[in-house]
Protein chains: 2
Amino acid sequence: MPRSKDESTRTLILKACRRLLEAGPGQAVRMSDVAKAAGVSRQAVYLHFPKRADLLVETARHIDAEEDVDARLAPSRAAKDGLSRLDLYIEAWGNYIPVVMPTARALIAMSDTDEDARAAWDNRMAAMRHGCEAAVRALKNDGRLTPELEADRATDLLWSLLSVDHWDNLVGRCGWSQPDYIAQIQRLARAALVKPAPQARTPRITSL
Amino acid sequence: MPRSKDESTRTLILKACRRLLEAGPGQAVRMSDVAKAAGVSRQAVYLHFPKRADLLVETARHIDAEEDVDARLAPSRAAKDGLSRLDLYIEAWGNYIPVVMPTARALIAMSDTDEDARAAWDNRMAAMRHGCEAAVRALKNDGRLTPELEADRATDLLWSLLSVDHWDNLVGRCGWSQPDYIAQIQRLARAALVKPAPQARTPRITSL
DNA sequence: GGCGGACTTGACACCGTGTCAAGCGTTTCC
DNA sequence: GGAAACGCTTGACACGGTGTCAAGTCCGCC
């Protein structure tokens with residue numbers, strides 16, 4: 001099934017697509033552009049990806065595989081307490097956003113018109129939400145979830161704080177650095193979701 | 001310049017455009033659709049709005065005028081202390097979002113390809129940011145801005161919390177009610193930006 | 001009466017997506 | 001060795017939506 005060399009035409013196209021999306025913020029990235037960049041005919045692209053939406057969806061998957069998104073999220077899953085799980089999840093996902101961002105934007109733009117693109121994107125967002133849900137649950141188990149919020153409300157909030165739009169607003173438009181973004185979202189999430197630690201036995205005023 | 005009746009063709013078109021945008025979430029709203037809905041020829045639309053981007057931009061302005069956005073924002077400007085200014089600004093803008101949302105979405109979608117649409121939308125966002133800036137400044141003057149944040153950082157954060165994406169995530173996707181959304185954003189903004197009141201003279205533990 | 005402005009009608013160019021058909025060069029398998 | 005199968009190329013075309021153009025119609029109004 002490969003053409004001849006070690007790289008199949010399919011992955012050649014996916015890599016070209018990714019490269020184009022990452023290169024030009026505000027670029028069109030038409031099917032013909034991808035074909036040209038992959039050094040392949042326009043029809044070859046359609047041969048592997050019948051619709052443009054398919055190409056974008058598969059590009060996103062390809063990035064997930066190349067960047068090993070699972071490995072990135074593993075530390076948060078292994079966290080011992082709710083608070084560190086929250087922090088680690090924010091760190092992992094927050095640092096993954098810039099990686100998928102270009103493809104995400106293209107996919108979101110298609111979602112307005114294309115049903116498949118919408119479904120694919122919703123799916124990704126649902127997966128991300130599960131991570132938020134797990135973090136909130138861990139927090140709740142530790143008795144550290146703020147009493148002002150139901151678990152699902154807290155999940156919604158965290159999910160929205162970690163949305164790619166939010167990242168784009170702060171990093172893309174406001175010019176925040178990536179570490180600043182991570183730190184501020186962690187601070188924000190704590191402020192919004194976490195209640196102060198039950199200061200156990202000895203009632204001392206601690207400033208942390 | 002009016003055609004004959006009390007309503008000029010121009011406003012007829014703008015109203016039709018608004019109606020269509022509000023009617024169909026996920027609808028295309030092509031130039032021909034607007035023309036049909038306004039009971040006018042497609043070319044009449046182009047006569048008043050040379051490009052589709054122009055039509056959308058003017059529709060947004062038209063909504064601002066019809067809904068008197070300035071009057072809505074007046075209370076926050078009149079607020080006496082920073083904290084209430086923050087709350088009132090969130091309430092005013094947060095309640096305005098659903099009004100402009102449909103048009104906003106169309107404008108944002110165009111921003112990917114159309115430079116004018118992008119500029120127009122950026123402009124609106126800049127105006128909204130000024131409101132955030134004012135609220136943060138008022139907070140700072142009261143000595144209630146959290147020491148963890150510079151004023152411009154705080155403005156960025158508030159601005160992003162009040163973005164239409166955020167509203168769309170929480171209300172549109174998560175199904176929050178409008179009052180819930182307002183209350184939670186207010187809570188979130190306080191948690192993120194406001195430091196506890198300097199408990200003046202008498203050091204009593206207050207739970208508010 | 002005739003002028004000018006607002007609008008209509010119908011045609012057309014352009015661009016990007018998606019489709020189709022025929023052809024070409026390798027590989028594979030009998 | 002020959003034929004079928006496969007992966008890809010070439011070139012054409014339909015479609016839908018935007019934007020343009022030119023001619024024509026219907027007004028009110030000086």
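Note that the structure is predicted; figures quoted are calculated from it, not measured. Each chain gets a letter, A, B and so on, in the order the sequences are listed, and its residues count up from 1.
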_Before you tell me yes or no, could you show the steps for A/Tyr96 and A/Asp64 under side chain to side chain donor-acceptor pair (under 3.5 Å), namely the whole-Å CA-CA distance, both residues' side-chain angles and the distance that decides it to 0.1 Å?_
CA-CA 9 Å; A/Tyr96 191 60; A/Asp64 286 347; 2.5 Å; yes
_Residue-phosphate contact under 4.0 Å: B/Lys51 side-chain N/O, D/dT20 OP1/OP2_ = yes
*Indicate whether OP1 or OP2 belonging to D/dC8 is found under 4.0 Å from a side-chain N or O atom of A/His48.*
yes
*asked:* If I take atom CG from residue B/Asp54 and atom CZ from residue B/Phe49, how far apart are they, to the nearest 0.5 angstrom?
replied: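 The CZ atom of B/Phe49 is 8.5 Å from CG of B/Asp54, to the nearest 0.5 Å.
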Rounded distance (Å) that lies between atom [atom2] of [N] and atom [atom1] of [X]:
X: B/Asp116; N: D/dT18; atom1: CG; atom2: P; answer: 16 Å
X: B/Lys36; N: C/dT8; atom1: NZ; atom2: P; answer: 14 Å
X: B/Tyr46; N: C/dA13; atom1: OH; atom2: C1'; answer: 13 Å
X: B/Arg52; N: D/dG16; atom1: CZ; atom2: P; answer: 17 Å
X: B/Phe49; N: C/dC7; atom1: CZ; atom2: C1'; answer: 15 Å
X: B/Leu47; N: D/dC21; atom1: CG; atom2: P; answer: 13 Å
X: A/Arg30; N: C/dT17; atom1: CZ; atom2: C1'; answer: 12 Å
X: B/Ile13; N: C/dT8; atom1: CD1; atom2: C1'; answer: 13 Å

*On a plain distance test, is the side chain of A/Gln43 in donor-acceptor contact with the base of D/dT10 below 3.5 Å?*
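Checked by distance alone, the answer is no.
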*Can you find a donor-acceptor pair, distance only, under 3.5 Å between B/Arg42 side chain and D/dG17 base?*
no
*asked:* Treating B/Thr113 as the side-chain partner and B/Met110 as the backbone partner, does any N or O pair qualify as donor plus acceptor under 3.5 Å?
replied: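 Looks like yes, one N/O pair under 3.5 Å.
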*Judged by atom type as modelled, is there a donor-acceptor pair below 3.5 Å linking the side chain of B/Ser163 to the main-chain atoms of B/His166?*
yes
